[in-house]
Amino acid sequence: MVPTLAAALASGDLADPVDLRSDPRLIVEAPPALQGVAARLRELPAAKLEAVLRLTGQAGFGAPIRVILVAEGTPAAREAPPWIAGYTTGAGGVVVLFPARAPTYPDSSLEDVLRHEIAHVLAARATAGHPLPRWFDEGLAMIAGNSWGLDDRSRVMLALLVDGELSLAELDRRFGAGERQVASAYAIAGAMVREMVQRSGAAAPGRILAGVAAGLPFASAFAQATGTPLAAFEADFWSGHSLRRWLPLMTSSATLWLGITLLALAAARRRRLRAAALRERWEEEERDVEQDGPGHEPS
């Protein structure tokens, strides 16, 4: 158990520890100040959960997934890097979310973060505990979180400019580095898995997970599920994402850098504005609950 998770589980101000009233697949726990957020997560449409199941090739959730909401300023929040909005134990089925940090790249809302982390749990269960390359696990979760857009494309292009092509092993290592490296790793991993799904179909991730569960090395499971050797897919991906093919009309590297940087900054600003508006709405709702007092339904 990682220290942050231990702190979250040991927190004395979690309320409503078991709630099976809405969806028995999710058990959402939260301190009093985050009960409104917890209620919204419990109402996540079943269709969005079913989409994550289909993506990972699973017929059901198995054991319920425990979702713990953590407030900023707590030991659990202080132990986690500030750019992390959530994480999971994998097959153990415990998800820790930091609502005040959402949206944080690569997800555009707290609901996206939740689906992202649920995908990690289901992928771990689908492989029966066998490990996955980090790039594939995170790229799959990005698709589950419905996270792909202009911001991601800008980050992939920035990564090409700054770092050039990365091997899959180097891409995996980037997830353990600093915030900039992690963000570019997410963008590239998401682009890779998205392209694999476009080429091989929506059922391909589930077939890969099933192959790993059967004991195949990941590269063998990938080739069997997609019909393409992993090394060939990697080479094709980088060939298709070269700057020459993406921006054939751009002749000035300075102009290219400026344009990409402006796109990335604009996308980041939109995310910060959405996060601020969401936090303001939560605070207003919580103030309304406090003003109503005990025994009253919130307006």
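Sequence positions, counted from 1, serve as the residue numbers for this chain.
Remark: the backbone N or O of V28 is paired with a side-chain donor or acceptor of R42 at under 3.5 angstrom. Put simply, the side chain of E138 never gets that close to the backbone of G190: no donor and acceptor are under 3.5 Å apart. Put simply, the side chain of T127 never gets that close to the backbone of A213: no donor and acceptor are under 3.5 Å apart.
A distance of 8.5 Å separates CD1 of I65 from CG of L49, quoted to the nearest 0.5 Å. We find the CG-CE distance between D236 and M192 to be 11.0 Å, quoted to the nearest 0.5 Å. Note that CD1 of I188 and CG of L166 are 4.5 Å apart. Values are rounded to the nearest 0.5 Å. Atom-to-atom distance recorded for T89:OG1 and R66:CZ is 10.0 Å, nearest 0.5 angstrom. Between H116 atom NE2 and L140 atom CG the span is 9.5 Å, to the nearest 0.5 Å. Between L69 atom CG and L114 atom CG the span is 9.0 Å, to the nearest 0.5 Å.
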- Message: salt bridge (charged side-chain N to carboxylate O under 4.0 Å, His left out) for E111 and R115? Distances and angles first, verdict last.
- Response: CA-CA 6 Å; E111 289 79 4; R115 292 201 304 275; over 6 Å; no
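Residues P81 and E179 have side chains not in contact (no heavy-atom distance under 4.5 Å, counting atoms from C-beta outward). Between F136 and L171 the shortest side-chain heavy-atom distance does not fall below 4.5 Å. Between I118 and L26, the closest side-chain pair of non-hydrogen atoms falls below 4.5 Å. Contact of the V197 side chain with the R194 side chain is not registered, since no non-hydrogen atoms from C-beta on lie closer than 4.5 Å.
Classification of the W135-F218 ring pair by plane angle, with boundaries at 30° and 60°, yields perpendicular.
In this structure, A80 and F98 approach most closely via the heavy-atom pair CB-CZ, 3.7 Å. Between A123 and L132, the closest heavy-atom pair is CB-CD1, 4.2 Å. Contact detail for A225 and R207: the closest heavy-atom pair is O-NH2, 2.8 Å. The heavy-atom pair separating I208 from A221 by the smallest distance is O-CB, 3.7 Å. Closest approach of L168 and E234 over heavy atoms only: N-OE2, 3.3 Å. Residue F222 comes nearest to T226 through the heavy atom pair O-OG1, 2.7 Å, listed as atom of the first residue, atom of the second, then distance.
Counting only residues at least two apart or in different chains, side chain to side chain donor-acceptor pair (under 3.5 Å) contacts with residues 50-59 comprise R25-E50.
A salt bridge between R173 and E170 is present, with a side-chain N of the basic residue lying under 4.0 Å from a carboxylate O of the acidic one. In summary, R134 and D137 do not engage in a salt bridge, as defined by a charged side-chain N under 4.0 Å from a carboxylate O.
Not counting sequence neighbours, the partners of E72 by the salt bridge (Lys or Arg N to Asp or Glu O under 4.0 Å) test are R101.
Residue M196 is not grouped with residue L216 when hydrophobic side chains (ILVMFWY) are merged at heavy-atom distances under 4.5 angstrom, including chains of intermediate members.
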